Engineer: 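Have a look at this one before I ask anything.
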Amino acid sequence: MAEQYSWPARGKTSIIGKSHSRLDGPEKAAGTAKYTYDINFDKQLIVRALGCPHGHARIKSIDTAAAAKVPGVDYIHAFKKAGDEIEWSGELIVAVAAISGGAAAEGVSKIKVQYEVLDSFTAEDDLEAAIKAGRTKRGGGKSLTAREPGDDDDEDEFVDAEIERLLKAAKFTVDAYFGIDSITHCCLEPHGTTVKWEGDRLVAYLSTQNVSGTDDQFARGLNITADDVDVHCQYIGGGFGSKFAVDYWGLAAAEISKATGRPVKFLLSRDQEFKLGGNRPSGYLKVRLGADENGVVQVWDSHHWGTSGYTGGGVSHSVVPYVLTPPNYRRKATSIKCNTARARAWRAPNHPQACAITQTAFDELAKVMGADSYDVFKANLPSASNGKADLYAAEMEIGAKLIDWKANWHLHGKGPKKGSVVEGLGMALHTWGGTANTSSAIVRVYPDGSVEAFCGTQDLGTGTRTVCAMVLAETFGLPVEDIKINIGSSKMPFSGASGGSTTVGAVSESHRRAGQDALAEIFKLAGKKLDADADDLEAIGGRIRVKGKPKRSISWKQACGGLGLKPLEVTSSYKRGDESPLSSSGVGGVQMAHVAVDTETGIVKMKKFVAVQDMGLIINRKLAESQINGAVIMGIAYSLFEQRLIDPKTGAFLNAEMRDYKLPRLGDVGDIVVSLYEPESERKRGVIGLGEPPVISPGAAISNAICNATGVRVRVLPATPKRVLDALKKARA
Amino acid sequence: MEKTPGKTGFSRRAFLKGSSAAAAATALATAPDVAEAHQVGTAVLAGPTVIVLTVNGKDHKVNVEPRTTLLEVLRYQLDLTGAKPVSGDGSSGASTVLVDGKPMMASTLLAVAVRGKKIETVEGRGGEKTPDAVQKAFVQYDAQQCGFCTPGFVVATRAFLDKNPKATEADIRGGLNGNICRCGTYANVIQAAIAVAKGGGNG
Amino acid sequence: MKAFEYAQPTTQAEALALLSPEPGKCELLAGGSDLVGLLEKMVLTPDRVVNIAEIDSMQQIEADEIGGGVAIGAAVHLDDALDSPLLAMYPAMMQVISGLGSMQAQAQSTVGGDLFRRPSCWYFRSGNGLLAGGGQMVALGDNRFHAILGNDGPAKFVSASRLAPALIALGATARVIGPTIDDEEFLPLEELYRTPSREGQRETALLPNQVVSHVILPPGEGTSGIYEAKHGAGPGDPMAAAAAALRIEGGVVREAKIVLGQVAPTPWVSREAARAIVGQRVTPETAAAAGRAAVAKAAPVRYRPSEGQHPPSGTVH
């Protein structure tokens, strides 16, 4: 055991902190990387399923007789029965397994289901209608005042009076409404699985962010033991928080396979992926805030609502207002039960919405004051709930330089107009934990010097394999390409699900630990050969050498030769939450947007977007930059393009096809400038996850930029052309 | 419908130019049991049929129905799973392949309709070990995250740069909008495409 | 997809002989970029699909040496049209194709296929019929992308063809053949489209066994252009489009044809807009006046879902 795990100091690394192309890049670019959807077994059946077209209905009858007669149809699996109530459109009713997708789809088209259509409620932004319909649920809240109530005061009355008093005393006030609609995950590879039984053992290729956790889910659902389930996922076509579970269609695939004795492929169709594959809760907020003469917010009073589906839920009150938390506040949340599918975790759960509906209020304050938004954000930094005021200030300065804030800034709505186009700037800031997840890894060092590692993690696109290999390569002083990384099987050592920016921390922990533990053994062998104490050795450039005496060295291979015939195998682990010198949690991040708005068409174009991001110690700069670029683009998507549209009459999900669900294209993203912020004060904290934080701020930053350009607030995101035009029209009226 | 005399200088013959003289009318629902596999022919096809498709320079005998898409054939019969099923209507570009050198969506092409055409998939561009310039640039500039859209993007980028070898950044931003990436690799795709264009399409 | 028969004629006569007079029985396939998706979703369930993309007499672009115009075969692919020097004199058409936003769509789609693109209405595309309950689903539902003109009947979808507004403005004629090869007529392109009044009718005036074999453009002597307001750079439908073909003499518009796209169940020839600009010089002001005239009579279907500009309701505490 290595006494102390650690990272090499800055300037002392040969691999960590540098850029390295992703190891599985060539397979992906060549089209040979095999995703779950690409796994095909001999004699497999393909499943297609029928979904409910109504938002709310009761099944009167199901008739599958005609479907069973379609040539090629082999098996019919019912998820629902007569009498069952359906709570959202798209919910699966019956699955049909056939020898081809075409035959299965034709079978589905022959199923006759009679519904009693019930009233559906989907007006997720309409609080009053929801109250009338009895669709609301308390969503929690909290109030805090700097002055404490007296012993005789009724607490609620005191808070009420105090809030009113502070608002009245405020030099500047804002009374406004902000919102952000529900969106979907829209993974390009839909949810699903390809399975086969080998005797009583289930082999499941599953599109999952949770390789190590889904064998048990299959086992519990099928009444077998997890030992009898082997989940594989070498590649996954997007997850974003929606692919932690086997899901009922995954279990159905295993059941159909068992019943038919044939391998089964069951992936959701595109519209089902939209309808069932995951969505992010909406949030709509009314706020009154009061600030002093310097623009420092002293009091915040808000109520927000929204939906995460038919059971209620929504954006947590705990992140309202977002990061910047005044000394006096009252916040209240109401959740609305809608006939829509249950939400799933979406990249940085709660944060993007909370940022979008609250940091817009701070920008509104700047508008009211006739002040520079930058100054107002800066003035409020001391109230940052994570205590990172200095970090944010430093990041704001970097961002402002990169976007040339001073030169491009003008007061809200006061910029020059070129034809019908106006431009503007906006900013926002964010925070995230990013604690490393629990992770174990086996590292094997073979007598010929080759190195292999095994870990039941997965690669969502983060570059997990590359991170594992870089950590081991750095540890052993070997080239990255010399490390063989094995991931993506539930038979490998447990590694936590990839969610919440926990993966790079997790695998860095397990691989660095296993690497350092293994290296200690190799040093013992090398020490004998070099006649040196193991503690005095270092592994650099493919050699083991005595510290300070680089000429006293042997090659890595020679050292490993000392292993004899048996490879060295080391298993090391990290448990989430354990104090560690290798990883920690808590980041900031500042983003700034520069947009151009066509006031004639309402079309908003991204000119430039700057993302300044800290993440503790950087493992791979290139992959880190990719994560941030990607997050910003997802942010542009939910700020300007995507929204889930539900038919107000039938509750049907209307835009559940790629042609209708608007996403940005390559030509829509403008220039994205990423700045990785890694001062020693951050680097020394070790690895912190990066997947979530940069996706949080774009909503507020872009909304603020639009308001700066036009002088008018587009109250709800996405800022579609219609919304921009409506806002401009209303302002003119 | 109101008959409007054509006010053109074209003769009727002009509109029929190139057509063969006799029209072999084929009545509805008279399908031959097995079509001649190698022949494209004008016979009405129905039900399972063996046809030949030329994919990545090789002829493949495959079993299809009229409703079978090229994408299904590639993925289920030829083990060419680079082209991906993302949208049934081609709006994501994930199933992009080259048909006689042009980028098209395998998801919206019927297999029977591409008989006799040269089909090239991403796998035909080079392999992991021998990538072409676009594939190399996608790796070097990290124009991929989850990678599910990548094969379609690679083929589209190749086709775009073949047609516009001197493409500028503005051309690239304006011309590569047929593909969707959900992870948000666009910024890196732009860099990769610029690099290839600057290298004259080979770099 | 429902199983269907497939035929791939090589002549116009063969094609016509393969078609059925009964609506919905046969579908014409060209590039496939629209039809195959509709088959996949089983919005269309024909017994037979006839691929007219391989009819070589419909694959040519030819100059009309006498009249000076151009005949474009319906099976000509859009990228080939874009590259054709014969079509350079029709900027409005070129602008539409280069603005499609998808190289794949340019390569795969054909001129004829584009003219017959089915409406994007999401009620239609999720299997509720073209009129979606006699227009009721649209009227009571989410109609943000539906017709603002010509929508007083049950048809509330918008015409989806990207080329039609430009081609109509340019004065295109469709050569329509069928039911037999001896039946040939030349139809001003705008007359190809009609607004259906009952379910079962389509958005064109053709019989099920008629085919547009060619589009004929008169000499491109005037000025033309198209403006599409697009939400995003992708191949999605524009929110609205306007094509204009003008004859300008001495700086003043003498003749104008202005056609709106994506606003009505058919391409919408705006005589109001043309009247407003004729006799004027083209300036931002006169163009804006023509624009206002074009939509003066627009009547959006009342938009139902709250658009989120105000809190729909609800107060703080």
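What you see below is based on every heavy atom in this structure, not just the backbone, and it leaves out hydrogens, waters and symmetry mates. Worth saying up front: this structure is predicted, and the values here are computed from it rather than measured. The chains referred to below are lettered A, B, ... by the order of the sequence lines, with proteins before strands, and numbering in each begins at 1.
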Engineer: Just give me the residue among B:Gly88, B:Gly90, B:Pro103, B:Ser87 that pairs up with chain C most often, heavy atom to heavy atom, under 4.5 Å.
Structural biologist: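 Top count of heavy-atom pairs under 4.5 Å with chain C: B:Pro103.
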Engineer: Please answer whether the main-chain N or O of C:Leu207 pairs with a side-chain N or O of C:Arg202 as donor and acceptor at a distance below 3.5 Å.
Structural biologist: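 Between the backbone of C:Leu207 and the side chain of C:Arg202 there is no qualifying donor-acceptor contact (under 3.5 Å).
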Engineer: Using modelled atom types only, decide if a donor and an acceptor are shared between the side chain of B:Arg115 and the backbone of B:Val112 within a distance under 3.5 Å.
Structural biologist: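 The answer is yes, because a donor-acceptor pair under 3.5 Å joins these two groups.
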Engineer: Does any backbone or side-chain atom of C:Lys41 lie under 4.5 Å from a heavy atom of chain B? Answer side chain, backbone, both or neither.
Structural biologist: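 Neither the backbone nor the side chain of C:Lys41 comes within 4.5 Å of chain B.
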Engineer: For C:Gln59, is it the side chain, the backbone, both or neither that has a heavy atom under 4.5 Å from a heavy atom of chain B?
Structural biologist: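 No part of it gets close to chain B.
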Engineer: Count the heavy atoms of every other residue, nucleotide or ligand shown that sit under 6.0 Å from NZ of B:Lys118, and state whether that count exceeds 12.
Structural biologist: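 Result for NZ/B:Lys118: open.
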Engineer: When the ring planes of B:Phe138 and B:Phe153 are compared, do they come out parallel, tilted or perpendicular, using 30° and 60° as the limits?
Structural biologist: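 Because their plane-to-plane angle lies in the 30° to 60° range, the rings of B:Phe138 and B:Phe153 count as tilted.
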Engineer: Nearest 0.5 Å, please: how far is CD in C:Glu27 from CZ in C:Phe4?
Structural biologist: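 Result: 10.0 Å between the selected atoms.
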Engineer: Between C:Glu228 and C:Lys230, is there a side-chain N and carboxylate O pair less than 4.0 Å apart?
Structural biologist: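 Salt bridge absent between C:Glu228 and C:Lys230.
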Engineer: Which atoms of C:Leu16 are under 4.5 Å from chain B, going by heavy atoms: the side chain, the backbone, both sets, or neither?
Structural biologist: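 Answer is neither: C:Leu16 stays 4.5 Å or more from chain B.
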Engineer: Looking only at heavy atoms and a cut-off of under 4.5 Å, which of B:Gly93, B:Gly47, B:Ala113 has the most pairs with chain C?
Structural biologist: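 That would be B:Ala113.
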Engineer: Of the options B:Thr69, B:Ile119, B:Val99, which is the one that meets B:Leu109 in a side-chain contact (heavy atoms from CB on, under 4.5 Å)?
Structural biologist: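 It is B:Val99; the other options fail the test.
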Engineer: Given the options C:Gly37, C:Ala15, C:Ala7, C:Gly101, which has more heavy-atom pairs under 4.5 Å with chain B than any of the others?
Structural biologist: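 Counting heavy-atom pairs under 4.5 Å, the top option is C:Gly101.
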Engineer: So which of B:Asn179, B:Asp89, B:Leu110, B:Ile180 has the biggest tally of heavy-atom pairs under 4.5 Å with chain C?
Structural biologist: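 Highest number of heavy-atom pairs under 4.5 Å: B:Leu110.
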Engineer: Most heavy-atom pairs under 4.5 angstrom with chain B, which of C:His77, C:Met103, C:Glu40?
Structural biologist: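 Highest number of pairs under 4.5 Å: C:Met103.
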Engineer: Relative to the ring of B:Phe15, is the ring of C:Phe186 parallel (under 30°), tilted (30 to 60°) or perpendicular (over 60°)?
Structural biologist: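 Tilted.
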Engineer: Sort B:Ser107 into side chain, backbone, both or neither according to what part of it lies under 4.5 angstrom from a heavy atom of chain C.
Structural biologist: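 Backbone only.
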Engineer: Who wins among C:Glu54, C:Arg194, C:Gln106 for the most heavy-atom pairs under 4.5 Å with chain B?
Structural biologist: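 Sorted descending by pairs with chain B, the first entry is C:Glu54.
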Engineer: Name the option with the most non-hydrogen atom pairs under 4.5 Å to chain B; the candidates are C:Asp83, C:Val50, C:Leu39.
Structural biologist: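 Most heavy-atom pairs under 4.5 Å with chain B: C:Asp83.
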Engineer: With a 4.5 angstrom heavy-atom cut-off, which part of B:Leu176 approaches chain C: side chain, backbone, both or neither?
Structural biologist: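 Contact with chain C involves the side chain of B:Leu176 alone.
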Engineer: Just so I understand: if I count every heavy-atom pair under 4.5 Å between each of C:Gly236, C:Ser109, C:Ala233 and chain B, which residue has the most?
Structural biologist: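 Option with the top pair count is C:Ala233.
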Engineer: Is the backbone N or O of B:Asp142 less than 3.5 Å from a side-chain atom of B:Asn188, with the two atoms forming a donor-acceptor pair by type?
Structural biologist: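 Pair found, side chain donor or acceptor close to backbone of B:Asp142.
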